[in-house]
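Below is one structure; the comments refer to it alone.
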Amino acid sequence: MPLAFSDEFPVRITHARAMHGLSHKELADEVGITPDQLQKYESGESVPRIAVLLRLAKRLRLDPVWLSGDTREVDIDALQREADDFEAIPEGIIATPVHLGSELRTLVAKAARDNGRTVHDEIVERLASTFDRSTRFYAELLRSLANELEGRGE
């Protein structure tokens with residue numbers, strides 16, 4: 001069950017940051033996000049991924065479920081597994097969000113664990129492999145076409 005964020009989240013994170021005497025930049029740097037992103041959380045414009053919520057809660061010494069404002073009973077271990085499966089993209093890589101259906105997401109996460117990779121690395125490996133196969137296919141197709149045109153004297 002995904003975590004639900006309530007209208008309390010922006011208030012709680014803003015208050016917790018202030019109680020710790022942290023600036024936007026200080027907290028953002030400590031949890032690996034930009035100050036602008038933190039401001040979006042505090043204004044209610046957006047909510048963090050689970051991995052980021054867990055880092056924020058840890059730094060602010062708060063229960064992540066309480067911080068989110070979710071009032072349901074939530075399995076923290078399941079949240080941590082989800083965060084591990086879909087952890088932030090490694091530093092230095094420009095990210096494009098990829099939206100996978102839950103079935104495909106589960107298959108990719110399992111393959112990543114089986115192959116000892118992060119989900120990001122599993123997706124990159126699969127894309128590279130597909131690209132390599134496509135490149136070889138089109139190179140062969142172009143060679144065949146060139147040979148055929150050469151045989152015709154064109």
request  = Please list all pairs passing the ring pair (Phe, Tyr, Trp, His ring centres under 6.0 Å) test where one or both residues lie in residues 6-36, with sequence neighbours left out.
outcome  = Phe5-Phe9
ask   = Hey, are the side chains of Pro10 and Tyr41 touching, using non-hydrogen atoms and a 4.5 Å cut-off?
value = no
query = In Å, rounded to the nearest 0.5 Å, how long is the span from OG1 of Thr14 to CE of Met19?
reply = 13.0 Å
task = Taking Arg117 for its side chain and Ala112 for its backbone only, find out whether a donor-acceptor pair lies under 3.5 Å.
result = no
query = So, Arg12 side chain and Ser68 main chain: donor-acceptor pair closer than 3.5 Å or not?
reply = no
Same apolar cluster: Val11 and Leu60, side chain cutoff 4.5 Å = no
Side-chain heavy atoms of Val52 within contact of Arg49, under 4.5 Å = yes
query = So Asp36 and Lys40, salt bridge (Lys or Arg N to Asp or Glu O under 4.0 Å) or not? Walk me through it.
reply = CA-CA 6 Å; Asp36 287 343; Lys40 287 179 182 178; over 6 Å; no
query = Can you tell me if CG on Asp114 sees more than 12 non-hydrogen neighbours from other groups inside 6.0 Å?
reply = yes
query = What distance do Leu142 atom CG and Asn147 atom CG have between them, rounded to the nearest 0.5 Å?
reply = 11.0 Å
ask   = Should Thr135 and Phe131 count as side-chain neighbours, where that means a heavy-atom distance under 4.5 Å?
value = yes
Test item: Arg17 side-chain N/O and Leu22 main-chain N/O as donor-acceptor pair under 3.5 Å = yes
inquiry  = So that I can tick it off, tell me whether Glu140 and Arg136 are bridged by a salt bridge, with the cut-off set at under 4.0 angstrom between side-chain N and carboxylate O.
reply    = no
query = If we ignore angles and hydrogens, is there a donor and acceptor under 3.5 Å between the side chains of Ser129 and Arg133?
reply = yes
task = State, to 0.1 Å, how close Arg55 and Gly32 come at their nearest heavy-atom pair, and which atoms those are.
result = NH2-O, 4.3 Å
inquiry  = I need the minimum non-hydrogen distance between Ile33 and Gln37, along with the two atoms involved.
reply    = CB-CB, 4.5 Å
ask   = Does some side-chain heavy atom of Leu27 sit less than 4.5 Å from a side-chain heavy atom of Leu56?
value = yes
query = Is there a donor-acceptor contact under 3.5 Å from the side chain of Glu26 to the main chain of Ser23?
reply = yes
message = Testing the basics here: between Ala111 and Arg126, what is the closest heavy-atom pair and its distance to 0.1 Å?
response = CB-NH2, 3.2 Å
Min side-chain heavy-atom separation Glu42-Leu38 under 4.5 Å = yes
